[in-house]
There are 2 protein chains.
Amino acid sequence: MNVISFLQQTIHLGPETEADLARIIVREQFPKNHILVRPGQYYRRLMFVEEGLIREHYLSMSGKDTTYRFHTEGNFVTADESFIDNQPSQYTFETLEDSVICSISHADFETLLRQHPEFEQLHILVMHQLIREMKERITALQFQTATERYESLLQSQPSIFQRVSLGHIASFLGISQETLSRIRSKR
Amino acid sequence: MNVISFLQQTIHLGPETEADLARIIVREQFPKNHILVRPGQYYRRLMFVEEGLIREHYLSMSGKDTTYRFHTEGNFVTADESFIDNQPSQYTFETLEDSVICSISHADFETLLRQHPEFEQLHILVMHQLIREMKERITALQFQTATERYESLLQSQPSIFQRVSLGHIASFLGISQETLSRIRSKR
DNA sequence: TTTGCTTTTTGACTTTTGTCAAAGACTTTG
DNA sequence: CAAAGTCTTTGACAAAAGTCAAAAAGCAAA
């Protein structure tokens, strides 16, 4: 699914708008295990995953690496601290598969919103979806057991288990790799 | 802090806009322990807490009551499922203190955005802040210990401990009341 | 101020999860 | 296909957190 087709699902794009988009969108191909953004980096671009998988993770002071979330094809991604607050990213973004990523700069994004107000609609829609997902995530972490969270993930994104190592999934669920392994062995 | 003054910190309000606002804002006073929204209810209003404190909580199937978050004076609040997705709220909203709450309907909010585009700016600002807070919350729940989360809360919102019972705070932190009590006794 | 109610703490015990270490399975590559 | 590397599982133990029950403390209203 490429960005343009994706956008057309939600908003109508006139030929002029499409031309504008084509001018500002950068399409890049990255190999597996490529680091897109590192902690401390200013990365003020809005990305869209056309193909592949990005892992966003956090390095604690003790050096432990914890997956914040996975971003799969057909989704928008930003280094929030940079894109929203113009601050250095706290998180690392890396590809876990060969990936195709389209992106536009923050400045171009702002211009786009000003010149084509129909994108405002979409912008809000994307933020709403993000808020919805985050709320579910918070409640899951707050009052579900590790096993329940595992079952939910299995339900909602079964394919992730074929694509990502269990260590990364464990830290995403907020548990150790060994605990995840034991949960899985009991069924 | 009343809504109008609060809004003026961020955007300039012309006299006409102020008049429009005065027409659509409903200001209500509620006693302590008043339920504002119950699960299953459609509550499509954007609220602003002028005074007091709202607790947003979730009832699990087993009947356990878990605090999702606290909303204090000077903040916007919505029953997200209703306001954003036009679905019944999954959460309960109740005052924990005598409170003054201003609110406008979803329809009026939409109209306001259309007629006074300067609110769009603010709207996005509020969503950005929400996203920032939620991300911090997720990472805290994912890879901090209960003690660390307690310390963070003590840092960021010390006054909450004077205003809310420890049982509610414990469930907000994702731990049992007894665990919280033991964490507190060790210092 | 006494009584009743709610909140908080404490104790004893159980369950869950984490940690460390090693073994096993699976991949990749020379 | 063998060797090296990575990922996953397993075991033994330790630490963290949950549960249940009861006591203590705090608060509010009569």
Side-chain angles (χ1 to χ4, degrees), chain A residues 31-35 53 55 57-67 70 94-98 139-154 158-187, chain B residues 31-35 53 55 57-67 70 94-98 139-154 158-187:
Chain A
K32 189 175 171 169
N33 298 323
H34 179 80
I35 298 205
L53 178 67
R55 181 173 79 107
H57 68 96
Y58 181 87
L59 290 170
S60 68
M61 285 132 290
S62 58
K64 214 175 67 176
D65 161 326
T66 312
T67 301
F70 303 107
E94 61 171 354
T95 58
L96 294 187
E97 301 174 351
D98 295 348
T139 50
L141 287 166
Q142 228 180 318
F143 54 72
Q144 288 185 192
T145 63
T147 307
E148 288 171 326
R149 294 200 297 275
Y150 169 73
E151 300 284 354
S152 301
L153 185 62
L154 209 55
S159 62
I160 212 81
F161 291 91
Q162 269 79 62
R163 301 173 70 180
V164 173
S165 76
L166 293 174
H168 291 153
I169 292 177
S171 71
F172 172 75
L173 294 170
I175 58 180
S176 73
Q177 170 160 283
E178 292 92 332
T179 299
L180 177 57
S181 176
R182 289 185 179 110
I183 288 172
R184 283 162 63 82
S185 70
K186 299 198 192 94
R187 47 191 323 263
Chain B
K32 190 175 169 167
N33 298 323
H34 178 82
I35 297 204
L53 178 67
R55 180 172 82 106
H57 67 97
Y58 181 86
L59 290 170
S60 69
M61 287 132 287
S62 59
K64 214 175 68 174
D65 160 328
T66 311
T67 302
F70 302 106
E94 63 172 351
T95 58
L96 293 187
E97 301 174 352
D98 295 349
T139 51
L141 287 166
Q142 229 180 317
F143 52 72
Q144 289 185 189
T145 64
T147 307
E148 289 171 325
R149 294 200 297 277
Y150 169 73
E151 300 283 353
S152 301
L153 185 61
L154 208 56
S159 62
I160 212 82
F161 291 91
Q162 269 79 62
R163 300 174 71 179
V164 173
S165 77
L166 293 174
H168 290 153
I169 292 177
S171 71
F172 172 75
L173 293 171
I175 58 180
S176 73
Q177 171 161 281
E178 293 91 331
T179 300
L180 177 56
S181 176
R182 288 184 179 111
I183 288 171
R184 284 162 63 81
S185 68
K186 297 197 192 98
R187 45 189 326 261

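Computed over heavy atoms, backbone and side chain alike; hydrogens, waters and symmetry mates excluded. Every chain is numbered from 1, with letters handed out A, B, ... down the list of sequences.
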Estimated bend of the helix from dT1(C)-dA30(D) to dG30(C)-dC1(D) (axis per five terminal pairs, rounded to 10 degrees): 40°

Check against side-chain contact (heavy atoms from CB on, under 4.5 Å), Leu53(A) and Glu94(A): CA-CA 8 Å; Leu53(A) 178 67; Glu94(A) 61 171 354; over 6 Å; no

Interatomic distance, Tyr150(A) OH vs dT8(D) C1' [rounded to whole Å]: 13 Å

Contact letters for nucleotides 10-26 of chain C, in which S counts primed atoms plus P, OP1 and OP2 and B counts the base, heavy atoms under 4.0 Å: BBB----SSBBB-----

Integer-rounded Å distance: dA17(D) P and Gln142(A) CD: 15 Å

Distance flag, aromatic centroids of Phe161(A) and Tyr150(A), threshold under 6.0 Å: yes

Of Thr66(A), Asp65(A), Thr67(A), the residue whose pairing with Ser171(A) passes side chain to side chain donor-acceptor pair (under 3.5 Å): Thr67(A)

Protein-nucleotide distance (Lys32(A), atom NZ; dC7(D), atom C1'), rounded to Å: 12 Å

Value in whole Å for how far the P atom of dG26(D) lies from CD of Gln162(B): 15 Å

For atom CG of Asn33(B) and atom C1' of dC5(C), their distance in whole Å: 14 Å

d(CD, Glu97(A); C1', dT27(C)) in whole Å: 16 Å

salt_bridge(Lys32(B), Glu97(B)) N-O dist < 4.0 Å: no

Value in whole Å for how far the P atom of dT8(C) lies from NE2 of His168(B): 9 Å

Where His168(A) and Phe70(A) come nearest, the two heavy atoms and their spacing: O-CZ, 3.9 Å

Distance, rounded to the nearest Å, where Arg163(B) contributes CZ and dC27(D) contributes C1': 19 Å

Test item: Leu153(B) and Phe172(B) side chains (from C-beta on) under 4.5 Å apart, heavy atoms: yes

